[in-house]
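Just so you know, these numbers use all the heavy atoms, side chains as well, and skip hydrogens, waters and symmetry mates. Chain identifiers are assigned alphabetically (A, B, ...) following the order of the sequence lines, protein sequences preceding nucleic acid strands; residue numbering begins at 1 within each chain.
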Amino acid sequence: MATLRTRSAARLMMTPAVLTLFVWMIVPLAMTLYFSLLRYNLLMPGMEEWAGTLNYRYFLTDPAFGAALVNTLLLVGGVLLITIVGGTLLALLLDQPFFGQGIVRLLVIAPFFVMPTVSALVWKNMLMHPVYGIFAWIARLFGLQPVDWLANLPLFSVTMIVAWQWLPFATLILLTALQSLDEEQKEAAEMDGAGPISRFIYIVLPHLARAMTVVVLIETIFLLSVFAEILVTTNGGPGYESTNITYLVYAQALLQFDVGGASAGGIVAVILANIVAIFLIRLIGKNLEA
Amino acid sequence: MGSITLEKVSKSFGTTNVIPEIDLEIADGEFVVFVGPSGCGKSTLLRIIAGLEDVTSGTIRIDGTDATHEAPAKRGLSMVFQSYALYPHMSVYGNIAFPLKMAGEDKSAIDDKVRSAARVLNLTDYLDRKPRQLSGGQRQRVAIGRAIVRQPKAFLFDEPLSNLDAALRVNMRLEISELHHQLKTTMIYVTHDQVEAMTMADKIVVLNAGRIEQVGSPLELYRNPKNLFVAGFIGSPKMNLIDGAAAAREKAATIGVRPEHIVLSKTEGPWQGKVTVVEHLGADTFVHVDVDGVGSVTARAPGEFPVKHGERVFLTPEAEKLYRFAENGEAL
Amino acid sequence: MARAITTRRKVTFTIIGWLVGFVIFFPILWTILTSFKTEGEAIASPPHFLFFDWTLQSYFDVQSRSNYFKHVMNSVVISFGSTLIGLAIAIPAAWAMAFSPTKRTKDVLMWMLSTKMLPPVGVLVPIYLLFRDWGLLDTRLGLVIVLTMINLPIIVWMLYTYFKEIPGEILEASRMDGASLAKEIIYVLTPMAVPGIASTLLLNIILAWNEAFWTLNLSAANAAPLTAFIASYSSPEGLFWAKLSAASTLAIAPILILGWFSQRQLVRGLTFGAVK
Ligand SMILES: Nc1ncnc2c1ncn2[C@@H]1O[C@H](COP(=O)(O)OP(=O)(O)OP(=O)(O)O)[C@@H](O)[C@H]1O
Ligand SMILES: [Mg+2]
């Protein structure tokens, strides 16, 4: 497989991909780092000056940052909790034989293919609207006072919307993992006298652990960057109640034109994401060897 | 024509040296078999000859001309892989035609050659099938068909029979030998099965840890193994190798005697011991004996030999068929 | 292996299964239904589920009011363009990594993966400024470039895992049979890899079609694909549910169908081969 000829051809063929990705990653990142050390506002062009760590101090001590950090963690944690628990249950359900299983499976995974702006708007208007929404109608059906979801429970509402979008992902992966479980292993456990519950705890759950880890890590990567759902539903408000780090940086950059501050925020986001990424990379890397 | 010469060829993967410098001559039309235990570098050597791996140093000559840095396609050799490596998306016809198509031959010439190869290999009825619709033996024949249509200077086989069941293996072994008689093309055949080596080869190259231990015809290796390794590797069941006092009596570090060179008797002989296992094969009987003061010895009696586990028997090694080895393993 | 499953059990699961499926699918179903209503019906309370005057009016309105078709074309150009360019760059790279691996191959793959984990806000500011200076803001070209780079790691990874499954011996056989590198790729590798390449293509079109960070931030009236166009319905004056639903239905329908076809590959692509 490996002669000098094939090796040099291989190197040549990898170059475009490696080079473009490298440039794509390193140039903007270096610029962000540089900007983050400047006092730089687009409304005051030509006034850039060295600011040292001022932007970082400013960004990190801003109460909005604290709120955004907490919101980010709540959003990520909430969605993870819902999708892992819900996804496991759904996967177990879809693993059972029943009539129309294939169709139900399609219905369940459908939300994943809905673009974020559509799902956010549909939920915002047609489901969560305090007067005309389906939820309001259901509440009234039971004689309850309809909730103004996005005004009163903004972060919770955004969490619901995002969880709806990611539930299919978790379900699909856990279902795939579930179906790769060796049937004989389950039968052996049954022969050994394990009931359905202990079979689930001792055989199925450990088998799913890896897939769950993958789901957690990959979802985390994407959930740290939730943006469109917030933009079209709450605009981060009221106040900072539904602002996450991504949205905060966006607001700083493109609404307040504070390039320096936004860049500092961007770097903070990169650092946060890297903490997760390190774990994910390790996990996938280990798999590569197997 | 198809003579192949390796001069001081060596191969390292990174820092691990898999093949130290070796020299080897393969004459035109010869059937050469590389044998050796797993991991000894047989495949690597074959792939070096094929051009699928670079040499680390040394020269490869094909028909006298230096081919060390030629691309595999230019060397004019054909290879049959252990996994057959058939193109799954092409029919049998397409597979056999592929090398001709690559050589730019015209359609009607390709058609003639493919059909005649198919006839030789009994594949005519399967030309339209895809490889996955064939049995193991048929796939093997397609792989061979693909190799012969180009009329290469030499064929390279890398354990081509190891994926087949025992009966089919014997069959294909005969077919390949037959093919060699018909084509008279040089063949290099890699196997770790010494029976294949003994039955097919004109010349056997015994490899061990990348080194050539001995080169010779099957019977030369059987009669005059140069060292312990070759002695233990060639012959089935394996030669009994005995050290200790019994060897010292013969003034050697180790002595060897083949199971077929031991006469079994129920009444007399210089060695005696207790039977541990008897294998009745019908034509032969293999008797494993725990000989007093010598250790475990296997003897082969022609025909049926009525003996049971636990009985005592006597063994007489034929004196003139005794091999003596020095401390360093070399034959004395 | 499989034992007889009691009918009762099967019926129970059928009911639960369909109920759960209906609830999860409801927002999409509701969008589709609403798209066939008039604006008045759309906000009727209590809601009208099936018995209303079905009309296609909203679909016509969406096109005539806002040149909807232009945004569809933007989405098509951006998602197909970025995916095809990505494939053109990634196929040779994945070929090299799968069939001529070196000690560094694994590191390169992991590094590519790590670029995917860079949060977009980390590079939003410079990309925005560079695009502004180069006149790439609100252009299809700009979005194609960004989405190509965003999805390139996934494309390389997916192709790599597919190529890995092709035995190297087959490619070596073609080399022995006299095929040049180009012929080896055209006649042997590509036909064998077609299913893998097709699934990669599919998944990446889906991802690019739905990408909503860069498209929202880097496009305006001209190059806005459907994600950004539909976001414009979020303003209070955009409160026309039937039209929103019609635009949404059109935007999600093609991708939903593609997605349904590619559900298997989805798992593999999105987990970088960690779950198959
Ligand atoms: N690409 C490679 N990189 C590093 N080491 C290798 C490589 N290919 C082979 N080796 C090593 O070279 C040695 C010889 O391998 P080779 O495949 O030639 O053995 P073999 O004699 O064909 O064995 P087998 O009978 O099992 O096929 C082995 O120890 C193997 O681990
Ligand atoms: Mg081998």
Check against side chain to side chain contact (heavy atoms under 4.5 Å, CB included), A:W24 and C:I127
CA-CA 9 Å; A:W24 165 256; C:I127 296 286; 3.5 Å; yes
Checking heavy atoms, do the side chain of A:I271, its backbone, both or neither come under 4.5 Å from chain C?
neither
If one checks every heavy atom of A:I173 against chain C at 4.5 Å, the contacting part turns out to be both
Point-to-point distance, once rounded to the nearest 0.5 Å, from CE of C:M97 to CE of A:M13
10.5 Å
Please step through side chain to side chain contact (heavy atoms under 4.5 Å, CB included) for the pair A:Q101 and C:F13, ending with a clear verdict.
CA-CA 9 Å; A:Q101 197 184 13; C:F13 276 112; over 6 Å; no
With chain C, the option among A:L254, A:V249, A:I267 that has the most non-hydrogen atom pairs under 4.5 Å is A:L254
Does the pair C:V108 and A:V18 meet the rule for a side chain to side chain contact (heavy atoms under 4.5 Å, CB included), with working shown?
CA-CA 8 Å; C:V108 173; A:V18 171; 4.0 Å; yes
Going from OG1 on C:T34 to CE on A:M126, what distance comes out if it is rounded to the nearest 0.5 angstrom?
3.5 Å
Euclidean distance, C:I16 CD1 relative to A:L89 CG, rounded to 0.5 Å
11.0 Å
Which is it for C:L129 and A:F35 under the side chain to side chain contact (heavy atoms under 4.5 Å, CB included) test, yes or no, and what are the steps along the way?
CA-CA 11 Å; C:L129 294 179; A:F35 290 156; 3.7 Å; yes
Is C:W209 in contact with chain A via its backbone, its side chain, both, or neither, using a 4.5 Å heavy-atom distance?
both
Smallest separation among heavy atoms of C:W260 and A:L106, with atom names:
NE1-O, 2.8 Å
One should read off an interatomic distance between A:K124 NZ and C:L244 CG, to the nearest 0.5 angstrom, of 10.0 Å
Check whether A:F99 gets within reach of chain C through its side chain, its backbone, both or neither, counting any heavy atom under 4.5 Å.
both
When only pairs under 4.5 Å are counted, which of A:T15, A:T32, A:L12, A:I278 shares the most heavy-atom pairs with chain C?
A:T32
Any donor-acceptor N/O pair, C:S100 side chain to A:A10 backbone, under 3.5 Å:
no
Relative to chain C, which segment of A:Y250 carries a heavy atom at a distance below 4.5 Å: side chain, backbone, both, or neither?
both
Interface moiety of A:Y34 toward chain C, non-hydrogen atoms closer than 4.5 Å:
neither
At a heavy-atom separation under 4.5 Å, does A:I221 approach chain C through its side chain, its backbone, both, or neither?
side chain
Chain C contact via A:Q179 - which portion, at a heavy-atom distance below 4.5 Å:
side chain
Ring-plane angle category for A:F227 and C:F213, please: parallel below 30°, perpendicular beyond 60°, tilted otherwise.
perpendicular
At a heavy-atom separation under 4.5 Å, does A:L272 approach chain C through its side chain, its backbone, both, or neither?
neither
Proximity breakdown for A:I103 and chain C, heavy-atom pairs closer than 4.5 Å
side chain
Atom pair CE/CD1 of A:M115 and C:I206 - distance to nearest 0.5 Å
11.5 Å
Bottom line for A:I134: the part with an atom under 4.5 Å from chain C's heavy atoms is side chain
